[in-house]
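Step one of this worksheet: look at the structure below.
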Amino acid sequence: MLNKIYDWVDERLDITPMWRDIADHEVPEHVNPAHHFSAFVYCFGGLTFFVTVIQILSGMFLTMYYVPDIKNAWESVYYLQNEVAFGVIVRGMHHWGASLVIVMMFLHTLRVFFQGAYKKPRELNWVVGVLIFFVMLGLGFTGYLLPWDMKALFATKVGIEIAASTPLIGHELKVLLAGHPDIIGAQTLTRFFAIHVFFLPAALLALMAGHFIMIRKQGISGPL
Amino acid sequence: MSKKQPVSRRQFLNYTLTGVGGFMAAGMLMPMVRFAVDPVLKGEAAGDFHPTQQKVSELTDTPVRVDFSYEQTDAWYTSEVTHTAWVYKNNKGDIVALSPVCKHLGCTVSWEGNDHKDKFFCPCHNGLYEKNGKNVPGTPPLKPLDVYPTAEKDGLLQLGKPEANNV
């Protein structure tokens, strides 16, 4: 049945070369943990991507209940965690996944660094990777405020004060982030929500596409 | 071991990998999907009776408008809502409390609205109902007005959750 549907589409659109090009290629021996167990270090990039997929999915589901409003944000988080079936698991996936993504990304960076895999011709991919790292930190920073509890509020105060200590443009940067010269409140929360669910994920997807296209084009770096 | 191999090594690996992968994907998606469909599975709360200020002894055979308010909980948001009923005593002396929500598209009907004698009238599309809530054929509504379960406490009327009316 599935084969028939596939053949029907393939006959018309010739999709086989497309997915072959994306998915069907051999893993080099030095990257395959079945040959050298130490090759598991090559898994961290894929694991970062896997956790990112979980973050996007669980985040999409969380927004079914969450509201970015100072009166209701905490109440809605409390409700979805305690009253909705599996709420504690879905929120837990997003909460722990956020830390895990940083850990995996860091391990991936260490591997690339210590193997010298960033060297010519792969310098651009290193640069894009570092941009992804900053976007991930931005996602972590903006997501931290959204539950609107005391920890979130004071962590954001500290973060915004750090931004305010930037030379020359510190004050403008602070107002841009908080949405108000001295209040961390209603406008900060909506801003952080918009940045967290629209702007940074869009940037992340674009950067990841670049990251993957480059690795596909250049291939993985050779054995040490 | 027989010489025939009904399942090749490649097929076997395909099946096991698909199975394990599917199991892992299901383990990931199941909590999220259950989380999303929770409102459907929660079911509806049993209709409690809400007190009104209408004295039962003052009801006549002419429908009167009874407004009543109660606290409604919508997930994390609690608020006071006001609902309306049209209440009268029928010729057997039973209390009839009709919901004013038109069964056509949900507008609000009123007794003898727009000078329709002895009828409930809906202004949106000229829907008409008899006094007992029965929809008048030839007007838009296809079902009679819902009816509130009624109760009496300390001489005052109490109303439950509207139900389908089978007049």
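From a predicted model like this one, the values you see are computed outputs, not experimental measurements. Here is the naming used below: chain letters follow the sequence lines, and residue numbers restart at 1 for every chain.
To the nearest 0.5 Å, atom CG of residue A/Asn72 and atom CH2 of residue B/Trp76 are 7.0 Å apart. A/Leu80 CG to B/Phe35 CZ: the interatomic distance, rounded to the nearest 0.5 Å, is 4.5 Å.
Within 6.0 Å of the NZ atom in A/Lys71, the count of heavy atoms belonging to other residues, nucleotides or ligands does not exceed 12. Counting heavy-atom neighbours within 6.0 Å of B/Phe49 CZ, excluding the residue itself, gives a total above 12. Residue B/Lys143 places its NZ atom among 12 or fewer non-hydrogen atoms of other residues, nucleotides or ligands, all under 6.0 Å distant. Within 6.0 Å of atom CD in A/Glu26, 12 or fewer heavy atoms from other residues, nucleotides or ligands are found, so the atom counts as exposed in its surroundings. Surrounding CG of B/Leu41 are more than 12 heavy atoms belonging to other residues, nucleotides or ligands, all under 6.0 Å away. Residue B/Phe12 places its CZ atom among 12 or fewer non-hydrogen atoms of other residues, nucleotides or ligands, all under 6.0 Å distant.
Proximity to chain B is limited to the side chain of A/Ile89, based on heavy atoms less than 4.5 angstrom apart. If you measure heavy-atom distances from A/Tyr79 to chain B, the contacts under 4.5 Å come from the side chain alone. Contacts of A/Tyr78 with chain B are absent, with no heavy-atom separation under 4.5 Å from either backbone or side chain.
Across all their heavy atoms, A/Val90 and B/Pro31 have their closest contact at CG2-O, 3.7 Å. In terms of heavy atoms, A/Tyr65 sits closest to B/Ala36 at OH-O, 4.0 Å. When all heavy atoms are compared, the tightest approach of A/Met93 to B/Met32 is CE-CE, 3.9 Å.
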